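Worth knowing before you read on, the calculation uses all heavy atoms, side chains too, and leaves out hydrogens, waters and symmetry mates. Bear in mind that the values here come from a model prediction, so they are computed numbers and not experimental data.
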Amino acid sequence: MVSISTHVLDPAAGSPAKGVSVELLRGGELIASAQTNDDGRIPALAEGLEPGTYSLVFHPPSPFFTRVELQVDLVAGHHHIPLLVSPYGCATYRGS
């Protein structure tokens, strides 16, 4: 089975990005959605998923990046996918 968590950080402000809406989709179907907590985290966005290709969609509080979508191939296990987003830059990586 697959589980996924995430967090969003604003490196320009040097702080977590709280209240960011995040959606998890598979084949265009909404699987899960949540908002980041005060620490910018969603500790358990989804659990008990089947392995496969998913889209993780962030709606950050940026004047430029209003939607950041990542397509990821998830295999069995836990996956942590953070997003770093500032007013004019964003990056992600496979967390641990």
Rounded distance [0.5 Å steps], CG in Leu74 versus OG1 in Thr53
8.0 Å
Do Leu49 and Ile31 make a side-chain contact, defined as non-hydrogen atoms from C-beta onward lying under 4.5 Å apart?
yes
Do the ring planes of Tyr88 and Phe64 sit parallel (below 30°), tilted (30 to 60°) or perpendicular (above 60°)?
tilted
Show the nearest heavy-atom pair for residues Cys90 and Leu83, with the distance to one decimal.
CB-CD1, 4.4 Å
Could I get the full list of side-chain contact (heavy atoms from CB on, under 4.5 Å) partners for Ala44, not counting sequence neighbours?
Glu47
May I ask you to decide if Glu23's main-chain N or O and Ser33's side chain share a donor-acceptor pair within less than 3.5 Å?
no
Report the distance from atom OG of Ser21 to atom CZ of Phe58, rounding to the nearest 0.5 Å.
11.5 Å
In this structure, NE2 of His79 is separated from CG of Asp73 (nearest 0.5 Å) by 9.5 Å
Partners passing side-chain contact (heavy atoms from CB on, under 4.5 Å) against Ala32 (at least two apart in sequence or in another chain):
Leu24, Leu45, Ala46
Do Tyr54 and Ile4 make a side-chain contact, defined as non-hydrogen atoms from C-beta onward lying under 4.5 Å apart?
no
Tell me the closest heavy-atom pair linking Pro11 and Val85, and the distance in Å.
CD-O, 3.5 Å
Could you check Val22 against Val57 for side chain to side chain contact (heavy atoms under 4.5 Å, CB included), going step by step and ending with a plain yes or no?
CA-CA 6 Å; Val22 180; Val57 181; over 6 Å; no
Cluster check Leu84, Phe65: I/L/V/M/F/W/Y, side chain < 4.5 angstrom:
no
I want to check something: taking the side chain as every heavy atom from C-beta on, are His59 and Glu69 in contact at a cut-off of under 4.5 Å?
no
With the side chain counted from C-beta on, respond yes when Ile42 and Ser5 share a heavy-atom pair under 4.5 Å apart, and no when they do not.
no
Shortest non-hydrogen separation from Pro51 to Ala76 and the atoms involved
CG-N, 4.2 Å
Please tell me whether Val20 and Leu70 are part of a single hydrophobic cluster in this structure, the criterion being side-chain heavy atoms less than 4.5 Å apart.
yes
Any Asn37 side-chain heavy atom under 4.5 Å of Lys18 side chain
no
Checking Ser55 side chain against Leu25 main chain: does a donor-acceptor pair fall under 3.5 Å?
no
Expected output: side-chain Asp39 to main-chain Arg41 donor-acceptor under 3.5 Å:
no
For Ser15, side-chain hydrogen bond (donor to acceptor under 3.5 Å, both in side chains) partners two or more places apart
none
Counting N and O atoms only, with roles assigned by atom type, does the side chain of Thr36 sit under 3.5 Å from a partner on the main chain of Val8, one being a donor and the other an acceptor?
no
Validation row: His7, His80 side chains within 4.5 angstrom (heavy atoms)
yes
Do Ser86 and Asp10 have side-chain N/O donor and acceptor atoms under 3.5 Å apart?
no
